[in-house]
Colleague: 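Below is a structure I'd like to ask you about.
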Amino acid sequence: IPIISDIKSVEVSQVDGVFLEKNMCNNWDKIWNFQAKPDDLLIASYPKAGTTWTQEIVDLIQNNGDIENSRRAPIHLRHPFLEWVRVVNSGIDEANAMPSPRTLKTHLPIQLLPPSFWEKKCKIIYVARNAKDNMVSYYYFQTMNKGLPDPGSWDEYFETFMSGKVMWGSWFDHVKGWWKKKDSHPILYLFYEEMMKDPKREIRKVMEFLGKNLKEEVLDKIVNNTSFAVMKNNPMTNYINDIEMNHSLSPFMRKGVVGDWKNQFTEDQNKRFNEDYEKHMADTSLSFFEEL
Ligand SMILES: Nc1ncnc2c1ncn2[C@@H]1O[C@H](COP(=O)(O)O)[C@@H](OP(=O)(O)O)[C@H]1O
Ligand SMILES: CCc1ccc(OS(=O)(=O)O)cc1
């Protein structure tokens, strides 16, 4: 007999053809009319691309590497999740109640971002991850997160993801849309794979984008404290106390590697995926590493 807390009751609807949780769609006017401020920093991503990792890096840079300060609260309370609607409040309410300078998080695709972020010329950090690993990570996240639809079997999910009928829409449209926008707006576009390859180089990029100048030893401290092993054991970054997540089904901090898709994709799926990928990515200069 399933325990009541594991039963999912997620309702999905759409805004401009993008699948979002129904409460977000019902709340859409409030989200769309959100008033950003010029000193807001926005961290944007497709779900499971390395958002939390980027958030922790940003927070530590903002706090000059002060570990204790960055452990002041769980990551989702430090950075309001703009479009997320909970029973009693929403990301918009949390953002509106927060003193400036604010750091906010979103998974919205470019065309659904509230226009005030463009009007106020807010700095934005976008993080992207190769589609295959992103898909696998999203699949396991949907199994463990009560706030997201049941993914079904892996084979079913493969088709759902490829058709873009997942929350926050198509991976292809998301990464391409944000990539294009960076030519006309202050967007730092990061890649999960580059962060894995050379974390210090990528953390320095973030530091420079934020207009900070930290000593080498502080950068080293940030590299160390944002490693997968440290964040997995940090209750302020591993979502361990989040009532929506069942970590016994799949931990939030799951594997943290590049190339895990090889353990999940069948040969046939890989072939199908590669064919579709070529078509979807033919109109962009954006490219990814899917192994290191
Ligand atoms: N410090 C870190 N280093 C590497 N990967 C990390 C990380 N922190 C989180 N991750 C990985 O990032 C993914 C979650 O992304 P998001 O924060 O956008 O939800 C998970 O991937 P896996 O499921 O592949 O392990 C998680 O393990
Ligand atoms: C259920 C709320 C939630 C939390 C985190 C999500 O994605 S990510 O970890 O930030 O990529 C999505 C939904």
Side-chain angles (χ1 to χ4, degrees), residues 8-10 12 19-21 23-24 42-60 70 74-87 90-91 94 104-108 125-149 151 166-169 171 174-175 190-200 202-203 222-234 236-247 249-264 290 292:
K8 291 207 188 207
S9 58
V10 188
V12 177
F19 285 81
L20 294 174
E21 207 239 337
N23 287 325
M24 290 184 211
L42 182 67
I43 299 173
S45 61
Y46 193 73
K48 312 317 288 175
T51 326
T52 315
W53 189 10
T54 307
Q55 286 177 266
E56 188 67 355
I57 289 170
V58 164
D59 198 56
L60 277 161
S70 282
I75 196 88
H76 70 275
L77 295 182
R78 284 180 264 157
H79 302 153
F81 186 178
L82 208 61
E83 65 271 25
W84 196 255
V85 181
R86 295 183 185 82
V87 180
S90 68
E94 287 175 8
L104 310 167
K105 157 186 155 176
T106 187
H107 290 316
L108 290 172
I125 299 177
Y126 185 83
V127 56
R129 186 180 194 182
N130 82 77
K132 291 178 184 173
D133 283 331
N134 206 142
M135 186 195 304
V136 174
S137 183
Y138 206 174
Y139 169 69
Y140 284 101
F141 192 53
Q142 287 195 216
T143 64
M144 66 84 85
N145 192 323
K146 267 197 296 159
L148 298 173
V166 284
M167 296 261 276
W168 291 284
W171 176 92
H174 212 284
V175 297
L190 299 174
F191 294 90
Y192 182 97
E193 294 74 22
E194 297 292 344
M195 289 163 68
M196 287 295 286
K197 215 189 295 175
D198 192 343
K200 193 169 173 184
E202 298 305 300
I203 289 171
I222 296 176
V223 171
N224 190 35
N225 276 282
T226 55
S227 69
F228 181 80
V230 171
M231 282 182 57
K232 190 174 172 72
N233 286 314
N234 178 356
M236 298 301 164
T237 54
N238 64 13
Y239 282 94
I240 204 69
N241 296 315
D242 191 311
I243 54 161
E244 297 270 292
M245 302 190 195
N246 184 341
H247 297 259
L249 294 175
S250 177
F252 180 84
M253 299 290 297
R254 196 179 60 91
K255 290 195 180 177
V257 296
V258 179
D260 184 44
W261 62 270
K262 291 180 190 168
N263 299 314
Q264 192 74 38
E290 52 187 47
L292 288 186

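Index from 1, following the sequence. As the structure lists them, so they are numbered: ligands from 1, and atoms in each ligand from 1.
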Colleague: Does the pair E56/R78 count as a salt bridge with the N-to-O cut at 4.0 Å?
Modeller: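 The answer is yes: the pair qualifies as a salt bridge.
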Colleague: Would you mind listing which atoms of ligand 2 come within a distance below 4.0 Å of any non-hydrogen atom of F252?
Modeller: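 The atoms of ligand 2 under 4.0 Å from a heavy atom of F252 are 9 (O).
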Colleague: Evaluate the side-chain hydrogen bond (donor to acceptor under 3.5 Å, both in side chains) criterion for residues Y140 and Q264: first the C-alpha distance (whole Å), next the side-chain angles of each, then the deciding distance (0.1 Å), finally the verdict.
Modeller: CA-CA 11 Å; Y140 284 101; Q264 192 74 38; 2.8 Å; yes
Colleague: With the side chain counted from C-beta on, respond yes when N238 and K232 share a heavy-atom pair under 4.5 Å apart, and no when they do not.
Modeller: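 Contact flag for N238/K232 side chains = no.
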Colleague: Does the side chain of K105 come within less than 4.5 Å of L82's, by heavy atoms?
Modeller: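 No. Closest side-chain heavy atoms not under 4.5 Å.
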Colleague: Write down the atom of E83, the atom of L108, and the distance for their closest heavy-atom approach.
Modeller: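 So the two residues come closest at OE2-N, 3.5 Å.
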Colleague: For atom 12 (C) of ligand 2, grab the closest protein heavy atom and report residue, atom and distance to one decimal in Å.
Modeller: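 Closest protein heavy atom to atom 12 (C) of ligand 2: F141 CE2, 3.5 Å.
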Colleague: Which residues satisfy the ring pair (Phe, Tyr, Trp, His ring centres under 6.0 Å) test with F252, sequence neighbours excluded?
Modeller: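 Here the qualifying residues are F141, Y239.
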Colleague: Taking the six-membered ring for Trp and the full ring for Phe, Tyr or His, determine whether the centres of W53 and F228 are under 6.0 Å apart.
Modeller: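 No, they do not, as the ring centres are separated by 6.0 Å or more.
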Colleague: Mind listing the closest non-hydrogen atom pair of V257 and M196 along with its distance?
Modeller: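 Answer, listing the atom of V257 first, then M196: CA-CE, 4.1 Å.
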Colleague: Please list, chain by chain and in numerical order, all residues satisfying ring pair (Phe, Tyr, Trp, His ring centres under 6.0 Å) with H107, sequence neighbours excluded.
Modeller: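 Testing H107 for ring pair (Phe, Tyr, Trp, His ring centres under 6.0 Å), a comparison that skips the adjacent residues, returns F81, W168.
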Colleague: Could you tell me which atoms of ligand 2, counted from 1 in the order shown, lie closer than 4.0 angstrom to a heavy atom of H107?
Modeller: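 Per the distance check, 6 (C), 7 (O), 8 (S), 10 (O), 11 (O).
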Colleague: Looking at atom 1 (C) of ligand 2, what's its closest protein heavy atom, distance included?
Modeller: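 Nearest neighbour among protein heavy atoms for atom 1 (C) of ligand 2, to 0.1 Å: N145 ND2, 3.1 Å.
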Colleague: In terms of atom number and element, which parts of ligand 2 are under 4.0 angstrom from non-hydrogen atoms of K48?
Modeller: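 That gives atoms 9 (O), 11 (O) of ligand 2.
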Colleague: Using a strict cut-off of 4.0 Å, indicate which atoms of ligand 2 neighbour a heavy atom of K105.
Modeller: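 Ligand 2 atoms under the 4.0 Å threshold to K105: 5 (C), 8 (S), 10 (O).
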Colleague: Quick one: nearest non-hydrogen protein atom to atom 2 (C) of ligand 2, plus distance?
Modeller: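 Nearest neighbour among protein heavy atoms for atom 2 (C) of ligand 2, to 0.1 Å: W84 CZ2, 3.5 Å.
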Colleague: Can you list every protein residue that has a heavy atom under 4.0 Å from any atom of ligand 1, sorted by chain and residue number?
Modeller: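 Protein residues near ligand 1 are K48, A49, G50, T51, T52, W53, R129, S137, Y192, M196, T226, S227, F228, M231, F252, M253, R254, K255, G256.
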Colleague: What protein heavy atom lies closest to atom 3 (C) of ligand 2? Include the residue and the distance to one decimal.
Modeller: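 Protein heavy atom at minimum distance: F81 CE1, 3.7 Å.
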Colleague: What residues, two or more places apart in sequence or in another chain, satisfy ring pair (Phe, Tyr, Trp, His ring centres under 6.0 Å) together with Y139?
Modeller: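 Residues passing ring pair (Phe, Tyr, Trp, His ring centres under 6.0 Å) with Y139: W154, Y157.
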